[in-house]
4 protein chains.
Amino acid sequence: MEALFSDDAELRFMLAFESALAAAQASVGDIPASAAETIQGCCAETDWDITWLKTQTLLAGNPAIPFVDQLRQRVRQKDPEAAPFVHRGATSQDVIDTALVCQLSQALTTIRADLDELINLLTSLKQVHQHTPIMGRTLLQQALPITFSDKLTGWLSGLFRSAERLDRVSQECLVVQLGGPVGNGQSFGEHYTSICEQVAATLGLGFTTTSWHTQRDRLTDLASTLGILNGSLGKLANDIILLMQTEVGEVREGAAKGKGGSSSMPHKRNPVTSTFMVAIAHRTPGLVASLLSAMNQPHERAAGAWHSEWSVIRELVKLTAANLHHSNDLIRTLEVDTDRMQQNLTTQP
Amino acid sequence: MEALFSDDAELRFMLAFESALAAAQASVGDIPASAAETIQGCCAETDWDITWLKTQTLLAGNPAIPFVDQLRQRVRQKDPEAAPFVHRGATSQDVIDTALVCQLSQALTTIRADLDELINLLTSLKQVHQHTPIMGRTLLQQALPITFSDKLTGWLSGLFRSAERLDRVSQECLVVQLGGPVGNGQSFGEHYTSICEQVAATLGLGFTTTSWHTQRDRLTDLASTLGILNGSLGKLANDIILLMQTEVGEVREGAAKGKGGSSSMPHKRNPVTSTFMVAIAHRTPGLVASLLSAMNQPHERAAGAWHSEWSVIRELVKLTAANLHHSNDLIRTLEVDTDRMQQNLTTQP
Amino acid sequence: MEALFSDDAELRFMLAFESALAAAQASVGDIPASAAETIQGCCAETDWDITWLKTQTLLAGNPAIPFVDQLRQRVRQKDPEAAPFVHRGATSQDVIDTALVCQLSQALTTIRADLDELINLLTSLKQVHQHTPIMGRTLLQQALPITFSDKLTGWLSGLFRSAERLDRVSQECLVVQLGGPVGNGQSFGEHYTSICEQVAATLGLGFTTTSWHTQRDRLTDLASTLGILNGSLGKLANDIILLMQTEVGEVREGAAKGKGGSSSMPHKRNPVTSTFMVAIAHRTPGLVASLLSAMNQPHERAAGAWHSEWSVIRELVKLTAANLHHSNDLIRTLEVDTDRMQQNLTTQP
Amino acid sequence: MEALFSDDAELRFMLAFESALAAAQASVGDIPASAAETIQGCCAETDWDITWLKTQTLLAGNPAIPFVDQLRQRVRQKDPEAAPFVHRGATSQDVIDTALVCQLSQALTTIRADLDELINLLTSLKQVHQHTPIMGRTLLQQALPITFSDKLTGWLSGLFRSAERLDRVSQECLVVQLGGPVGNGQSFGEHYTSICEQVAATLGLGFTTTSWHTQRDRLTDLASTLGILNGSLGKLANDIILLMQTEVGEVREGAAKGKGGSSSMPHKRNPVTSTFMVAIAHRTPGLVASLLSAMNQPHERAAGAWHSEWSVIRELVKLTAANLHHSNDLIRTLEVDTDRMQQNLTTQP
């Protein structure tokens with residue numbers, strides 16, 4: 001996930017966009033085939049100077065401007081006549097948003113697979129503990145016995161729904177951005193629809209001819225979906241921390257060398273993985289709120305709100321991936337103390 | 001909307017739940033038909049003392065406890081043998097959550113209809129201004145001309161998606177809560193599924209046999225959906241405020257007696273309705289974040305996080321309804337100054 | 001606190017502002033003494049129609065416009081020549097913000113006193129339990145013994161600092177608003193400073209001649225201070241809920257008729273007061289964030305961000321007052337089970 | 001600022017803590033002077049393996065555990081008898097929190113200086129434009145003329161207060177953490193106060209003997225203070241963006257090679273620096289809310305809430321520093337178009 005969200009990966013997706021755009025425009029006859037070939041060749045080059053791009057971003061206001069400049073220069077060196085066809089009809093936000101969506105698409109694939117794994121791990125555990133009794137607790141008071149399977153059913157129910165939500169937002173929200181300078185697609189001429197279709201197909205994204213430069217609902221829908229998943233994972237992790245309390249002791253995180261000690265009390269077995277999960281769940285609501293606030297994007301391009309999304313959505317996705325990674329570790333090695341569960345049912349103080 | 005979210009309405013929905021539950025349990029033979037009749041009769045009474053209920057809530061921790069006490073007492077006065085069958089198998093959270101979902105269901109129906117009206121108003125406006133040129137603006141700088149219809153297409157696109165999202169969450173999230181004391185439905189006995197089905201059907205809600213006492217993802221999904229809708233409305237309103245600037249002057253809020261003046265400068269035409277809309281959009285992200293944070297609900301019933309939802313989700317729904325109401329007022333009476341739009345295209349300073 | 005934040009109370013504070021302003025302007029000779037007397041007389045009348053004012057607010061955009069209209073009309077009926085001197089030089093935001101600050105001032109006085117009471121209650125408890133041993137717990141694992149007094153020292157330390165912060169913000173943030181239509185005081189003429197001083201003195205507020213129509217840092221400072229206090233109270237309440245767990249059982253909320261039961265399990269002693277406290281602490285961060293977001297107020301008066309503060313700051317203050325009220329109930333009647341504390345030190349499973 | 005928040009810098013501050021602790025304990029006779037010397041020597045070494053530390057953090061739950069292990073090992077190699085005196089009496093949270101406070105302290109020094117510079121730049125600009133007329137605007141409508149100096153007075157007023165707040169929180173919140181395993185200082189023995197004093201003095205921090213392991217109000221106070229500053233900067237930046245609108249044109253960001261163009265319309269002068277500022281101001285409320293939520297830290301050490309602070313507070317500080325850096329760039333090179341200001345006063349459409 002770190003690699004996917006590196007500056008280098010972002011650049012690769014921006015290059016993929018320009019390459020796909022040139023190919024699409026050549027196929028409909030809007031630019032010469034030879035120009036498209038040259039552009040695609042330059043987009044495949046591997047010696048880009050990321051540090052320079054990052055520096056220029058601060059001056060230009062976004063990474064697309066110095067990026068397109070550099071691409072055009074590279075193309076010009078190979079074929080001066082091809083240079084004007086670079087990024088033709090497109091605007092900064094087209095390449096930046098589409099590159100973001102490509103990143104999100106890859107990240108969601110990983111997240112979806114990790115969620116499936118978590119669901120499988122919990123389902124297996126549920127089968128094992130179909131009849132394991134455990135005290136049900138309301139307002140943190142002992143109430144009536146349930147089964148550990150009941151508890152797992154609860155955790156799973158939210159995760160099943162999150163899996164469906166992820167499938168839905170992957171379908172609805174991972175859509176190409178291609179609107180041109182003022183978002184209405186006019187700059188792409190009469191073949192606009194066809195160009196949109198081809199660029200989307202090449203990049204494996206959904207297709208639209210209504211650009212979303214300042215309509216950010218899809219992005220916040222995706223963000224909320226991740227926020228909700230993290231909420232469910234946080235609840236699961238917090239339940240485990242509560243069950244691990246010395247006085248309850250019904251489950252334990254799996255032991256590992258160097259894991260879960262304390263610098264002053266090395267004998268203790270602490271919740272470690274579930275602690276990281278709770279920490280992530282604490283951070284995600286603020287990130288979702290930040291994106292909801294940023295929906296107020298004026299006119300045809302925002303001056304700030306759009307820019308505020310860049311780090312926030314990526315942080316949210318990385319945290320979600322980490323949370324699932326931790327979850328799978330946690331459940332895979334979870335130690336269930338059925339004796340203690342039984343004991344807590346009968347020996348109330 | 002105020003009436004729908006009054007204390008009285010909440011009580012009515014709680015009574016509807018108990019009534020539906022007794023009927024369902026009688027129909028499967030779990031309680032005597034006569035008991036169900038008595039219970040349903042008491043649930044139809046209109047002389048409940050809401051003030052007393054509210055006072056007792058602070059002692060009991062939730063409104064359901066004094067409410068069920070009072071219902072049982074009323075039933076006992078009519079038929080002592082029926083009293084034990086009141087609220088049978090159910091827990092406080094069953095009646096409180098289900099009553100909430102009933103409220104949300106009615107509110108969403110209104111919200112959905114108001115959104116349709118807004119979409120219709122904007123669609124009509126779009127047809128009128130298919131060819132009305134207006135300056136496109138990026139980063140609040142004049143860029144290239146677009147049509148006013150392009151701008152309306154943008155606003156509409158997000159609203160169409162919000163309409164679809166509302167339909168989806170109405171389908172997925174408006175689900176009956178019926179889990180009993182520790183959420184696993186055991187207290188309802190062998191006819192649990194049938195009881196759930198009937199209660200849901202009577203109340204017009206979706207059906208599940210997996211209770212969601214501490215799995216709050218459906219509620220946050222609904223909340224996020226409202227948050228996103230408010231985000232789109234806030235963008236629309238802010239665009240109008242920007243277009244209304246004295247120096248731009250391309251649209252105006254409709255005039256009305258007493259509207260939009262200033263106490264010190266009565267001649268001014270101020271944005272009023274759009275200002276209220278922006279104000280609402282400022283408030284909703286924090287409410288959504290609050291509900292996302294509250295997903296961390298321990299074990300089988302939360303001690304605080306659940307309780308924090310009660311006001312927040314209702315406030316969010318009321319604000320959304322108000323925002324749509326303002327939107328429809330705004331668009332219905334919006335004055336479009338096509339001359340000024342034309343003028344701004346040509347006379348740049 | 002409900003009374004303090006009623007519509008009627010808001011109106012009273014608005015009347016107090018206009019009354020103070022007229023008096024100050026008369027004292028410096030800017031308006032006739034007789035006009036000031038008439039205005040002050042009308043401001044003391046008690047037959048204002050609040051429902052009408054609320055309706056007009058939606059048209060006018062804020063409550064000050066219809067309010068000033070009505071005041072001017074009342075004055076005109078008594079003395080036509082006095083009417084032009086109503087609200088002279090002032091703008092809507094002057095009266096609305098100053099009335100808000102008056103409300104906040106009264107609310108903070110109550111909050112400060114309740115916090116003192118809480119500190120006293122905790123200090124007394126600390127003296128009793130100077131040497132009561134209790135298990136210290138880190139990451140919810142038993143660690144090493146501490147005293148219950150140590151725990152109380154922790155809770156108290158944050159509250160002492162909150163008390164100091166409240167004193168500071170009361171000093172710094174409760175400041176009169178008096179800027180006129182564009183905030184620079186010009187409309188008040190040469191006696192501006194003196195008028196500000198007198199209005200502030202009459203209303204018991206701090207004094208400034210730099211209006212803060214769109215500089216909202218004082219208000220967010222006050223809001224953050226309340227947010228932090230609620231955070232400390234939430235921690236305290238959550239600690240008590242954890243200590244009340246059946247498996248820990250070291251403290252209990254005091255018993256009261258009708259308190260802390262469950263509709264399905266009437267024998268249980270649930271955390272009730274601490275649950276309400278945790279619920280409040282869940283809601284406050286979103287409210288503070290909402291006010292921080294609303295600091296982006298354009299030019300000399302905001303179109304939405306300002307308006308979004310009205311409910312949010314009031315809700316935050318009311319929740320804080322309720323939280324302290326609950327806190328005092330909780331600590332006053334808290335039952336400390338020193339036997340169980342001792343027992344948990346020695347009998348680890 | 002990037003260097004200050006690097007992993008390497010964090011390690012340096014952790015080493016500084018252990019070094020200061022050993023020195024203090026030697027000075028009061030709790031550990032041998034020779035052991036302290038060896039520990040200090042090892043703390044001054046420069047060949048630490050940060051990558052290994054980061055990996056181990058995931059297993060151990062926090063960076064302090066592998067760090068202290070490694071330090072103890074290094075000390076043991078030089079003097080086996082000194083090893084037990086490493087980190088003596090301290091707990092992970094002592095070193096992690098104190099290292100954080102050291103970072104914050106250095107960062108606040110820079111932030112404070114940059115804020116002073118901004119205040120100076122704005123004050124100079126104000127002197128130049130003492131009598132420059134500009135239209136005052138309320139609800140984004142032209143209202144009455146003010147001076148550009150009035151506008152600068154507004155911006156400055158909030159910043160002056162932020163400067164005072166920064167001074168206050170630097171005094172109150174930058175406090176050493178030294179509580180030992182369960183926070184009550186017992187593990188440090190009879191010289192606890194003296195050890196606290198010396199460690200604080202060595203590190204240039206404030207001093208307390210009441211540890212704040214789970215009392216996080218100081219940290220949220222500092223965070224809110226930064227949040228408020230960013231709110232004021234966001235307002236300033238947004239005002240400039242509004243004044244830069246093509247139709248208003250009263251100020252312009254300074255020109256620079258490669259700055260402010262658009263990839264599709266290279267002739268445009270866009271707001272760039274102010275856009276970044278607004279973007280930052282959009283992100284900070286969610287971060288402050290996250291820290292407020294994280295105040296709910298159970299018992300003597302939190303399992304998740306504490307850990308959630310680590311990235312969030314650092315991100316907030318880095319964003320604040322960046323915001324001020326941008327502010328100074330913006331104001332230093334701001335072009336003020338007094339002709340256009342004059343023109344907008346007279347030629348209303």
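Order of the sequence lines sets the chain letters (A, B, ...), proteins ahead of strands, with each chain counted from 1.
- Residues from residues 150-165 of chain C that place a non-hydrogen atom less than 4.5 Å from a non-hydrogen atom of chain D comprise C:D150, C:K151, C:T153, C:G154, C:W155, C:S157, C:G158, C:R161, C:R165, given in numerical order.
- When each of D:V288, D:T147, D:N184 is checked for heavy-atom pairs under 4.5 Å with chain C, D:N184 comes out on top.
- Between D:L139 atom CG and C:R301 atom CZ the span is 6.5 Å, to the nearest 0.5 Å.
- Annotation: maximal heavy-atom pairing with chain D below 4.5 Å, among C:S293, C:S290, C:P145, C:A281, occurs at C:S293.
- Considering only residues two or more places apart in sequence or on other chains, C:R216 meets the salt bridge (charged side-chain N to carboxylate O under 4.0 Å, His left out) condition with C:D97, C:E309.
- Among C:T225, C:T208, C:D221, C:T220, the residue making the largest number of heavy-atom pairs under 4.5 Å with chain D is C:D221.
- With values rounded to the nearest 0.5 angstrom, D:H282 atom NE2 is found 13.5 Å from C:L292 atom CG.
- When all heavy atoms of D:D217 and C:S232 are compared, the pair lying nearest together is CB-OG, 4.2 Å.
- Residues passing the side chain to side chain donor-acceptor pair (under 3.5 Å) test with D:N238, sequence neighbours excluded: C:N296.
- Side-chain contact between D:I228 and C:S224 is present, with heavy atoms from C-beta onward closer than 4.5 Å.
- Interface residue D:T214: backbone and side-chain heavy atoms are both found under 4.5 Å from chain C.
- In this structure, the side chain of C:E300 does not engage the main chain of D:T138 through any donor-acceptor pair within 3.5 Å.
- Comparing C:M295, C:E172, C:H213 by heavy-atom pairs within less than 4.5 Å of chain D, the highest count is held by C:M295.
- Only the backbone of D:A302 has a heavy atom closer than 4.5 Å to any heavy atom of chain C.
- In terms of the side chain to side chain donor-acceptor pair (under 3.5 Å) criterion, residue partners of D:S274 (sequence neighbours excluded) are, by chain and number, D:E253.
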side-chain contact (heavy atoms from CB on, under 4.5 Å) evaluation trace for D:H299 with C:D239: CA-CA 6 Å; D:H299 293 322; C:D239 275 359; 4.1 Å; yes
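- In this structure, CD on C:Q297 lies 7.5 Å from NZ on D:K235, to the nearest 0.5 angstrom.
- Heavy-atom pairs under 4.5 Å with chain C were tallied for D:P298, D:G227, D:G234, D:A223; the largest tally goes to D:P298.
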